[in-house]
J.: 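One structure, as structure tokens, below. Some questions next.
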Amino acid sequence: MHDSYLGQRLKVARYDKGFTGEQLSELCYISEAYLRQIESGRKTPSLPVFISLCKVLEVSPTFLLADSIDKNE
């Protein structure tokens, strides 16, 4: 399942922290192309990548998944 809600939230959190895609991808040890795919909803991050994104962006998993959870209930 690919998730544009997660990607949208991720992009908002990245902008709020002032990170470029390149900076965030480097901090999370992923390629910038993979980050763009996650943010666009074409890919769903693996659990380790998801945890890394939450830690680097200092956001809770609930924040990133909030819209996804609401839409799937």
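For this chain, numbers begin at 1 and follow the sequence in order.
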J.: Do the side chains of Val49 and Ile38 get nearer than 4.5 Å, heavy atoms only?
T.: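 With C-beta onward as the side chain, the pair touches.
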J.: Of the non-hydrogen atoms in Ser40 and Ser4, which two are nearest, and what is the gap between them?
T.: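 Distance-wise, the nearest heavy atoms are O-CB, 4.5 Å.
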J.: Begin with the C-alpha distance, continue with both residues' side-chain angles, and end with the deciding distance and a verdict on side chain to side chain contact (heavy atoms under 4.5 Å, CB included) for Phe19 and Val56.
T.: CA-CA 10 Å; Phe19 289 133; Val56 170; 4.0 Å; yes
J.: I need the Gln37 CD to Glu32 CD distance, nearest 0.5 Å.
T.: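 Taking CD in Gln37 and CD in Glu32, the distance rounds to 11.5 Å.
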J.: Counting C-beta onward and ignoring hydrogens, is there a side-chain heavy-atom pair between Gln8 and Val12 closer than 4.5 Å?
T.: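 They are not in contact (no side-chain heavy atoms under 4.5 Å apart), so the answer is no.
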J.: Using modelled atom types only, decide if a donor and an acceptor are shared between the side chain of Ser52 and the backbone of Pro48 within a distance under 3.5 Å.
T.: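 No.
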J.: Could you give the distance from SG (Cys28) to CD1 (Ile51), rounded to the nearest 0.5 Å?
T.: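 It is 11.5 Å, given to the nearest 0.5 Å.
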J.: Nearest 0.5 Å, what's the CG-CD distance between Leu27 and Glu22?
T.: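 CD of Glu22 is found 10.5 Å from CG of Leu27.
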J.: Indicate the atoms forming the closest heavy-atom contact of Arg14 with Glu39, along with that distance.
T.: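 Closest heavy-atom pair between Arg14 and Glu39: NE-OE2, 2.7 Å.
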J.: Verify, without hydrogens or angle tests, whether Glu26 (side chain) and Gln23 (backbone) share a donor-acceptor contact under 3.5 angstrom.
T.: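 The answer is no, because no donor-acceptor pair under 3.5 Å joins these two groups.
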J.: When you group the ILVMFWY residues by side-chain heavy-atom contacts below 4.5 Å and let the links chain together, are Phe50 and Leu35 in the same group?
T.: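 Yes; Phe50 is reachable from Leu35 via cluster members.
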J.: Any link between Val59 and Ile30 through a network of hydrophobic side chains (Ile, Leu, Val, Met, Phe, Trp, Tyr) touching at under 4.5 Å?
T.: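 Yes: a chain of side-chain contacts under 4.5 Å links Val59 to Ile30.
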J.: Arg9 side chain to Phe63 main-chain N or O, any donor-acceptor pair under 3.5 Å?
T.: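 Such a contact is found between Arg9 side chain and Phe63 backbone.
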J.: State the NZ-CZ distance between Lys43 and Arg36, to the nearest 0.5 angstrom.
T.: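 Nearest 0.5 Å value for the NZ-CZ distance: 13.0 Å.
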